[in-house]
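Each residue takes its place number in the sequence, starting with 1. All ligand and atom numbering here is 1-based and tracks the order in the structure. Hydrogens, waters and symmetry mates play no part in the numbers below; they use all other heavy atoms, side chains included. Nothing here was measured: the structure is a model prediction, and the numbers come from that model.
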Amino acid sequence: MSKPLALLIYILIGFHCFLQNNTYSPILPSPVVYKQTPGKLYLPQGLSIKSSQFSKEALIQFKLLLSTFHSLDTKEAIRPLIRLRELKNVPNGSYSIAISDDIFISYASESALYYAMQSLMQLIQTENDFKYIQNAFVQDYPKFEWRGLHLDVSRHFFSVEEVKRYLDLMAIYKFNKFHWHLTDDQGWRIEIKAFPKLTTIGAWRDSTLLNHYTTTPRSFKKERHGGFYTQEEIKEVVAYAGKRHITVIPEIEMPGHSRAALAAYPEFSCTGIAQGVPGIWGVFEDVYCAKEESLTFLKKVLDEVTELFPGEYIHIGGDEAPKTQWNKCEQCQEVIKVNKLKDAHELQSYFITQIEKYLATKNKRIIGWDEILEGGLSPDATVMSWRGFDGGIEACKKEHYVIMSPGSHCYFDHYQGKTNNEPLAIGGFTSLEKVYQFNPIPKELDAAHANYILGGQANLWTEYISTFKQLEYMAYPRAIALSQTLWCTEKPDYETFYSILSNGHLKQLDLLHVNYSKTSQLANINTKTEKKGLRIELESKDQEEEFKARIQYQNKLEDLDFILKNKQHFIIERTKNETQKIKVSFTSSKTGLNSDLLIENHKALGIPVRYLTQPNQQYNHSPSILTDGQRGSQPWRGHEWIGFDTNIIVFEIELPKKIKIKHVDLSFLKSNGSWIYLPNEIKIENCSKRRNNIFLSQKIDTEIIKVKMGQRSKKLRFQIQTNKLIPIGLPGNGHKPWTFIDEIVIH
Ligand SMILES: [Zn+2]
C-alpha cells in the first residue's frame, strides 16, 4: 500500500470515532462520503493560507471563488488554516476535506483540488454575518469521466462573456466537458483565416423564425442576426475553461448542417448554387458534396481548428445529412464508384473516415452523433447517442467509446414544466425529475461493454433560445440534476436531492443572479377520472403549502375562490349541456408562484378510457389524459399526449348513460421531425346498437378531426390505423411512425 493511500484510510478510520448520523451533504453533486462531526469551524474575515502550498493558478481560482461566493479573502500565515496535501496513486479527480480545528484537503491532481475548492465553497455557511463550516469529513471522486454540457451558438449567437458565465456555472457543478456547437446551417461562428467568407458571409442571416416551426403561417423577425468568435477569442475561452478544468470540444458539422458554410463557398456543395444563410430551422438537403475538393476544404478548416483546441477530441457532427443531393450528384456517384461503395450511406461513412484519418495525423480523435453508425462506423470514432440509447448500445457492442445524450433525458431545449407560462420551446417534456432519473448505462449492456460508456451530456440547442436569460432558464436547475447522475457513485433519491437543491443551491443561484426555472417548485396538478367528472388534486413537496384556487367559468359572471391544502382535491362536474370552457388557477401562499389549467368541459370529461392496445410506456403519462378536458398543444409537450407505436390502436369509452352524440372530436399530433405522423384512418363503432354496430370511418388528413355521429350511444370503440412504416423521403423513413393522440371531446 502506498503511503498516501494508507494516510487516506487512516483519516477515514480516525474520523469514524467522531461520526454523527449520516446526514446528507449540502454539496451538489453529492460526494461519496459526507460525515458530520461535532462543532463548527468559524472563519475569520481572511482565511489564513500558505500560498506556497498552492500552484499559481490554483491560488488565483481559490481567491476568485472565495470572493465570488463569500466575499472572503486570504491572508498569508506560517501556520495556515487551510493545509493541502497532494496524494499520489489515487484515482484522478479524488479529494478529501477534513474540517475540524483547521481545513485539511488531500487531492489527487490539480483538477481534484479545484473540485475540493468548489465543494468547500458550498460548505461555508453564514450565521449573523459570521462565516462558519460545520465540522465534517468529505471524501469524493467522480463516477464518469465525461460530464458534459453542450451549447449551440449557431442558431443564436452568444457572446464571449456569456459563454464564460456558462462555464462558470458548469464549474460549480463539476462538469468537465464543454461541447461548443460552432457551426450549423444558421451560422458559422469560428474565424478561419484561410476562408474569410465563412464569417463575413456565413456568420450572418437576414431573418429569424419567430414562432414555432410547426406553426402556420410562419412569421419572421426581419433583422440581421449573427456574430462569430475571432481566433483570439476562441483561445481566450479555451484558456478560461482550462483554468476551471473544463475541456472544450469544438463541433464542426459535416456533411450536413452546412448551409452557412455553403452560403459562403457554394462550390463545395453538389449544386454549386449559393442559397444564403437560412433563418428557419430544420434539416436541409444541401450538404457538402463528397468530392475531393470539399474534403480538402474541410481539412484546411480543421488545420486551424485543431491548433485552437488542445483537447483530444473534435466533434464532426455527422447527423441529419439527407442523401438527396448525393444520390443526384455525378461527382458523388463517381466517388462511390471509384471507392467501390454500396450507396450514399457508405459514402457518408467514407467521408467521415477520411476526416478521421486526417485528424489522427494531428493526434485528434473524432466524436460524431449516432448517425455515423449508418453505413459503417469509422475505426476510432466515439459515438454521441442522441436518438435514444440504441445507437450508444450498438457502438459499445462494437467496442467504440460512447457518450450518452438521449433526447428523452438530456435535451434541455425541451419543456420542463406543464404550465402555459413556459417560454416557447422546441417540444418534448423533460422535467427536472426525468433528468434526475437518467442513467448513462442502459440495462442491456454487460459490464465489459458498459466500460465503453465515457459518461453523459446534456444538449442545449438554441433554435428557440434567443437570450442568455432564457438559456439559463432552460439549463438550470436541470444541469444540477444531471451533475448528480454523472458525478455521484450513489446518488440520493430525488426527494433528498430536491431538498438539498431548494435549501441551499437555489439561493446560491439567486445570489449569482441566475435566471433558473422555478417550475420544479410548482405543485403537481394531478387529474383523475371520477364518477361525476374530473378530479383535480394538488400535490406539493411541502406539506404546509396552501393554494389560493380560482375557478372561472366561461358562462358564469362570478368566479369561485377557495383555499386548497396540499393533497386536497375538488371535482369539476361533467357538463350536462353544451361544451364550456373553464379556467382554473392556483397561487401558492408560500412561493407566490402561479399555475393554471384551461379545461374544456364536455360529455366525456373524466370518463376512463379502456385501452385494448397499450400505449408506449414512455408517453403514457396519466390514465385520465384523453378525457381531462385539456387538449394537447402545439408544439407538443410529451405529458399532454398519449403516444402509440403500434399500427392499429384500439380503445373504448363508456358513458354513464345513453345519450345522443352529435359529433366526436379527436386531435392528433403531427411533428415529422420527431417521427410523429398523422394516422391514416379512424373507425368509430357504436357498441350500443343491438344488431349491427355502425361504423363511421374517416380518413385523417388534419390534426383535429370532427366525426359526425347523430346517434344515441353509451359505448364507443375507436380503431385507428397508421402507416406500417414512415415513407421514404420523410424523417425517420423505414421506421415505425409514432401516433400521438389527445382529448376525445364528445358533443
Ligand atoms: Zn456531390
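Take a cut-off of 2.8 Å around the Zn ion (ligand 1): the protein N, O or S atoms inside it are Cys270 SG, Cys289 SG, Cys329 SG, Cys332 SG.
With rounding to the nearest 0.5 Å, the separation of OG1 in Thr462 from CZ in Phe158 is 5.0 Å.
With sequence neighbours excluded, the residues forming a side chain to side chain contact (heavy atoms under 4.5 Å, CB included) with Ser405 are Met384, Cys410, Tyr411, Gln457, Asn459, listed by chain and number.
For residues 378-401, every residue pair satisfying the side chain to side chain donor-acceptor pair (under 3.5 Å) rule, not counting sequence neighbours, is listed here: Tyr313-Thr382, Glu356-Ser378, Arg365-Asp380, Asp370-Arg387, Glu371-Trp386, Glu374-Arg387, Glu394-Lys398.
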Please tabulate, for the side chains in residues 291-306, all donor-acceptor contacts under 3.5 angstrom to protein atoms that are two or more places apart in sequence or on a different chain.
| from | atom 1 | to | atom 2 | distance (Å) |
| --- | --- | --- | --- | --- |
| Lys291 | NZ | Glu267 | O | 2.8 |
| Ser294 | OG | Phe268 | O | 3.3 |
| Ser294 | OG | Cys289 | O | 2.8 |
| Thr296 | OG1 | Glu292 | O | 2.9 |
| Asp303 | OD1 | Tyr358 | OH | 2.5 |
| Asp303 | OD1 | Lys362 | NZ | 3.0 |
| Asp303 | OD2 | Tyr358 | OH | 3.3 |
| Glu304 | OE1 | Lys193 | N | 2.6 |
| Glu304 | OE1 | Gln231 | NE2 | 2.8 |
| Glu304 | OE2 | Lys193 | N | 3.3 |
| Glu304 | OE2 | Ala194 | N | 2.8 |
| Thr306 | OG1 | Leu302 | O | 2.8 |
| Thr306 | OG1 | Asp303 | O | 3.1 |

Would you sort out whether Arg165 and Glu162 count as a salt bridge (Lys or Arg N to Asp or Glu O under 4.0 Å), showing the intermediate values?
-> CA-CA 5 Å; Arg165 182 165 160 93; Glu162 288 167 334; over 6 Å; no
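Without hydrogens or angle criteria, Asp742 side chain to Ser667 main chain gives no donor-acceptor distance under 3.5 Å.
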